[in-house]
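This report refers to the structure that appears directly beneath it.
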2 protein chains.
Amino acid sequence: MANQTPRQRARTETEAEIIRIGNRMLDSGGIDGISLRAIARELGIVSSAVYRYVRSRDELLTILISDAFTSVADAVDRDLVPQRSVFTIGATMLEWSRQYPNRWALIYGTPIPNYQAPREATVVPGTRIMVTLAGLVAELPASPSPSPVPAEALEPLRVGLEELGVSHDDPVIMRTVAVWVAVIGLINALRFGQFGPGFDSVEDELMQGLVTTLTE
Amino acid sequence: MANQTPRQRARTETEAEIIRIGNRMLDSGGIDGISLRAIARELGIVSSAVYRYVRSRDELLTILISDAFTSVADAVDRDLVPQRSVFTIGATMLEWSRQYPNRWALIYGTPIPNYQAPREATVVPGTRIMVTLAGLVAELPASPSPSPVPAEALEPLRVGLEELGVSHDDPVIMRTVAVWVAVIGLINALRFGQFGPGFDSVEDELMQGLVTTLTE
DNA sequence: TGAAAACAAGAGCAGTGCTCACTGTTGTTA
DNA sequence: TAACAACAGTGAGCACTGCTCTTGTTTTCA
């Protein structure tokens, strides 16, 4: 590992640089701001040469997506250490979305047209938070009424969770789904401006209100 | 109105045709599938001529967005006649999203980069459903505990609703927000494939479970 | 040391939104 | 009815995109 050939070191460095520039372009110009030609220009290289490092624009997007999923999930894990609560998850995701709005849109917004993220690149990093959330929901005081949803409706999720090595009963799964979609939905609404302006200073309070409403 | 000049009739027809083709391209190829050049080709007209009818691609998008908002809201109003319930709203939106996934993404997904929808084009059609929902939530049996969110956090929404001629107290607004973001969040998750495959046959049951969880 | 692999360059294809100068046609008005 | 202005359509062109292919150069490895 340590003694690489100069060429290998250069390649590794260039690959990392491409990802850095890609992330920067994503942050400043959204998904459409990511241009392989512009990256090539910045690298001081002709446009066709960048295809030595990245098979296509879509491949770069896949890397950035995987990157972003890992980044939020890491943030959640970090913040969860002092304070293990559902609200912490929501607040951390909200904060992350504020810091990287375009990365947020990349992973939780509209999928890119004519692009299918390879499952192996997204499943594991993309499900980490939900698995954590399910664990926290399971610790909550039991809901007054039993799950009002037919067992087969939760089948795919139950199976999916078990493939990841976790197992919960249906009321917990249903509640997890409710919290999950509400949290993502709220952050999307805020980030995408669907509530209009004027929410900048009350985002966290809204998240607090939402989580309380959903978990009490 | 009836006796227009031939030129005016032709113009009206062409404008309608552009919107029809635009919607069709949106439905089949997503937002990136909307190309003014392709529309011009289909009209049998040179690409620059289409700018006689549409100021820019963004203007066409604005029309399509407004169109889509009106379409969902109409569907909700229609379905609400026999069965006035929160679930009906969710189920209708879900069904509409299934029928027009790309129009759904256009209005509830990631905003288009470098594009700001003019507020006057989206506010009225875009808020109809939420206003209706608030009305239904207000009729629900009161929540056991009072609103756990500071009054100022709901200020912008309270004001927004009042501008539209509706007025609710904070617990109702908070609950409306919770239901709203959860419903949109669930549909987004389903449409955008964030839960993975295998949910096609259980979408409505999931929506039912979600609404029940949130309104009981 | 010589062959193979990797890197880079440059031209080119097909597509995009949009502008501009230019004709021909239609509608209005003096 | 003749003149003029508004309108519709043309075609060339700009600046940009992703991506491919051929050619030449450099590095690595057997």
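All values below were derived from every heavy atom in this structure, side-chain atoms included, with hydrogens, water molecules and symmetry-related copies excluded.
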*asked:* Using ring centroids (six-membered ring only for Trp), state whether Tyr100(B) and Trp104(B) fall under 6.0 Å.
replied: no
*asked:* Quick check on contacts: within residues 10-37 of chain B, what sits under 4.0 Å from DNA chain C by heavy-atom distance?
replied: Ile34(B), Ser35(B), Leu36(B), Arg37(B)
_Please enumerate all residues that pass side-chain contact (heavy atoms from CB on, under 4.5 Å) together with Glu120(A), with sequence neighbours excluded._
Pro118(A)
*Sugar-phosphate atoms are those with a prime plus P, OP1 and OP2; base atoms are the rest. Using that split, label each nucleotide of nucleotides 25-30 of chain C B, S or - for protein heavy atoms under 4.0 Å, 5' to 3'.*
BBS---
_I'd like to check Ile19(B) versus Asn23(B) (side-chain heavy atoms, cut-off strictly below 4.5 Å). Are they in contact?_
yes
*Taking heavy atoms of chain A and a 4.0 Å limit, find me the 5'-most and 3'-most nucleotide of DNA chain D within that range.*
dT17(D) to dT28(D)
*5' priority, DNA chain D, between Tyr51(A) and Ile45(B) [closest heavy atom]*: Ile45(B)
*Phe87(B): what forms a ring pair (Phe, Tyr, Trp, His ring centres under 6.0 Å) with it, not counting sequence neighbours?*
none
*Partners of Arg158(A) by salt bridge (Lys or Arg N to Asp or Glu O under 4.0 Å), sequence neighbours excluded?*
Glu155(A), Asp170(A)
*For Ser48(A) and for Ser48(B), locate the closest nucleotide of DNA chain C by heavy-atom distance; then report the residue assigned to the nucleotide nearer the 5' terminus.*
Ser48(A)
*Closest non-hydrogen atom pair, Leu26(A) against Arg103(A)*: CD2-CG, 3.8 Å
*Determine, step by step, whether Asp204(B) and Arg98(B) satisfy the salt bridge (Lys or Arg N to Asp or Glu O under 4.0 Å) criterion, reporting the C-alpha distance in whole Å, the side-chain angles of both residues, the deciding distance to 0.1 Å, and the verdict.*
CA-CA 11 Å; Asp204(B) 294 275; Arg98(B) 234 176 273 140; 3.1 Å; yes
*Go through the structure and list residues passing side chain to side chain donor-acceptor pair (under 3.5 Å) with Arg84(B), not counting sequence neighbours.*
Glu139(B)
*asked:* Any residue in residues 52-61 of chain B with a heavy atom nearer than 4.0 angstrom to DNA chain C? Just list them by number, or reply none.
replied: Ser56(B), Arg57(B)
*Heavy-atom pair of closest approach, residues Pro82(B) and Asp79(B)*: CD-O, 3.2 Å
_Run the side chain to side chain donor-acceptor pair (under 3.5 Å) test against Ser85(A) and tell me which residues pass, sequence neighbours left out._
Thr88(A)
*How would you list, by chain and number, every residue that makes a salt bridge (Lys or Arg N to Asp or Glu O under 4.0 Å) with Arg55(B), sequence neighbours excluded?*
Glu59(B)
*Among all residues two or more places apart in sequence or in another chain, which pass the side chain to side chain donor-acceptor pair (under 3.5 Å) test with Ser97(A)?*
Arg191(A)
*Can you list every pair that meets side chain to side chain donor-acceptor pair (under 3.5 Å) and has a residue in residues 29-49 of chain A, with sequence neighbours left out?*
Arg24(A)-Glu42(A)
